[in-house]
Amino acid sequence: MTETRSPMPPDPATVSSAARLLSACRGGPVDRPPVWMMRQAGRYLPEYRAVREKVSFLELCRTPELAAEVSLQPFRRFAPDGVIFFSDILVPAEAMGVRVEFGDGGPSLPEPVRDAAAVARLSRFDPSDRLAFTGEILRTIAREVGDSAAVLGFCGAPWTLASYLVEGGGSRSFAVIKEMMARDPETLERLLALLADVAADVLSWQIASGAQAVQLFDTWAGELDAEDYRRWALPAVARAISGLRRGGAPVILYVNGCGHLIEAMSESGADVLSVDWRVPLSEARRRAPRLALQGNLDPGLLLGTPERVAERTSAMIAETGGVAHVVNLGHGILPSSRIECVEAFFQSVRSPSAARRRPAEVPA
């Protein structure tokens, strides 16, 4: 990082929320840091629960008018600078030919992918055909928000998708995929390459449909040590990002438990590193000085008091000075989060002091 004086921030009266978020992703000047929340459409909102009572989770993901509606619910309540469309990272897996069931305990895959024959049965597909509904959802959101928020797309990263497919759902030990790493690496390599290409296709379709930035969720990659991350997860996510037809749309990479992986993540080709709450943003900035950062308030704080949320959010922004920083949580919002704490989170980012916290250095 070279010492460079921060440029004068734009006039807030002339900056749209969409422009603010996209500029921050590119390390450009902003009047204040932009803010949104991972899983910001969800069970903590009573209006979401009212919709969810009428349809199954998968029906909600596949019904454009309903998915657009729940995507917009937090936008109407909190006016975030980004609106991420409502879906699930396993929706593309189903389009590949994987049987996915969504229950109260999370997703399950009754027929896991554990050998070369199972991988061969999976297929790359045209998202404009098999996931046409996602395009309609994104176009609807884009029409509704205009430049009042950036429209965000997303997809599961290859390693995390592979973990679900091989394990047959979530896992505590990831023993099955780690056994595949050791005993059948060729099959795992083929699976990761296929999932990387599918992720690139899916995100490219989302961008063509109106997404202005996209995020890859590699939630389970933090279960790997640094050596195995570089061997397995990093090449796959880099392949996905390099395969994007992005048209200038920034790419955000999120890894939960990424404290030992910051330097490797910075080699992925992503524009923004989204880090979990365990890593101080000042440390992440020191270790990846050329990239924008996203995060990273502990979502557990939203179970507490508004005063504590405001205090910790302000301290988090002070670590970056609000420069090249997209304010977010360090993981998805919890279903039992308190609405008044969510309001305090957004309000503290919009406070005049958030625009004044500007250090003498910005990423070169």
Side-chain angles (χ1 to χ4, degrees), residues 25 38-39 41 57-58 60-64 67-68 70-71 82-100 102 107 109 113 119 121-142 150-166 190-221 233-255 268-272 274 332:
C25 286
M38 289 185 278
R39 291 188 197 153
F57 179 80
L58 202 51
L60 180 52
C61 292
R62 289 173 169 168
T63 307
V70 297
S71 302
V83 174
I84 192 165
F85 85 104
F86 184 85
S87 188
D88 189 88
I89 64 170
L90 289 175
V91 169
E94 189 185 45
M96 296 175 68
V98 178
R99 183 180 160 202
V100 182
F102 293 93
L109 293 76
V113 178
V119 173
R121 287 193 291 271
L122 302 178
S123 59
R124 194 171 175 178
F125 62 91
D126 179 358
S128 68
D129 176 32
R130 301 292 298 277
L131 300 180
F133 54 90
T134 64
E136 189 172 343
I137 296 165
L138 286 161
R139 288 189 292 270
T140 300
I141 295 170
V151 179
L152 307 176
F154 75 96
C155 185
W159 174 262
T160 291
L161 290 175
S163 297
Y164 276 110
L165 269 58
V166 173
R190 285 196 295 273
L191 177 59
L192 287 168
L194 174 60
L195 291 170
D197 294 340
V198 167
D201 292 341
V202 167
L203 292 178
S204 296
W205 164 241
Q206 293 177 11
I207 292 167
S209 300
Q212 295 164 285
V214 292
Q215 177 159 318
L216 281 152
F217 285 87
D218 217 350
T219 309
W220 301 125
L234 178 59
V237 77
R239 175 171 175 150
I241 293 171
S242 66
L244 274 174
R245 300 179 294 280
R246 56 196 289 186
V251 177
I252 306 165
L253 174 61
Y254 172 74
V255 175
S268 65
D271 303 287
V272 184
S274 186

Taking only residues two or more places apart in sequence or in another chain, which ones pass salt bridge (charged side-chain N to carboxylate O under 4.0 Å, His left out) with [X]?
| X | value |
| --- | --- |
| Arg99 | Glu101, Glu111 |
| Glu94 | Arg62 |
| Asp271 | Arg246 |

Got [X] and [Y] here, is their nearest side-chain heavy-atom distance under 4.5 Å?
| X | Y | result |
| --- | --- | --- |
| Leu122 | Leu191 | yes |
| Ile207 | Arg245 | no |
| Thr63 | Phe133 | no |
| Met96 | Leu195 | yes |
| Leu60 | Phe86 | yes |

Legend entry - Atom pair CG (Asp88) and SG (Cys61), whose distance is rounded to the nearest 0.5 Å: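 Answer for the CG-SG pair, Asp88 versus Cys61, is 6.0 Å.
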Inset, instruction - Enter the distance from Leu194:CG to Leu165:CG here, rounded to the nearest 0.5 Å. - result: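 Answer for the CG-CG pair, Leu194 versus Leu165, is 9.5 Å.
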According to side chain to side chain contact (heavy atoms under 4.5 Å, CB included), who are the partners of [X], at least two apart in sequence or on a separate chain?
| X | result |
| --- | --- |
| Pro235 | none |
| Ala95 | Phe125, Arg130, Leu131 |
| Ala157 | Leu216, Asp218, Val237 |

Exercise: identify the closest heavy-atom pair between [X] and [Y]:
| X | Y | answer |
| --- | --- | --- |
| Leu203 | Leu244 | CB-CD2, 3.2 Å |
| Ala236 | Ala196 | O-CB, 3.3 Å |
| Ala132 | Ser128 | CB-O, 3.4 Å |
| Leu161 | Gly156 | CD1-O, 3.3 Å |
| Ala150 | Gln212 | CA-OE1, 3.2 Å |
| Val202 | Pro92 | CG2-CB, 4.1 Å |

Inset, instruction - Look only at the side chain of Ser274 and the backbone of Tyr254, and say whether a donor-acceptor pair between them is shorter than 3.5 Å. - result: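 Side chain of Ser274 to backbone of Tyr254: no pair is present.
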Could you tell me which residues satisfy side chain to side chain donor-acceptor pair (under 3.5 Å) with [X], sequence neighbours excluded, listed by chain and number?
| X | answer |
| --- | --- |
| Ser268 | none |
| Asp201 | Arg124 |
| Ser209 | none |
| Arg190 | Thr187 |

Legend entry - Trace of the side chain to side chain contact (heavy atoms under 4.5 Å, CB included) decision for Gln215 with Leu152: CA-CA 7 Å; Gln215 177 159 318; Leu152 307 176; over 6 Å; no
Inset, instruction - Could I get the full list of ring-ring contact (aromatic ring centres under 6.0 Å, His included) partners for Phe85, not counting sequence neighbours? - result: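 Testing Phe85 for ring-ring contact (aromatic ring centres under 6.0 Å, His included), a comparison that skips the adjacent residues, returns Phe154.
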Inset, instruction - Applying side-chain contact (heavy atoms from CB on, under 4.5 Å) between Pro107 and each of Ile89, Leu90, Leu58, report the one that passes. - result: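 Filter result, single survivor: Leu90.
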Inset, instruction - Could you name each residue pair satisfying side-chain hydrogen bond (donor to acceptor under 3.5 Å, both in side chains) that touches residues 235-244, not counting sequence neighbours? - result: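 Residue pairs passing side-chain hydrogen bond (donor to acceptor under 3.5 Å, both in side chains), neighbours aside: Asp197-Arg239.
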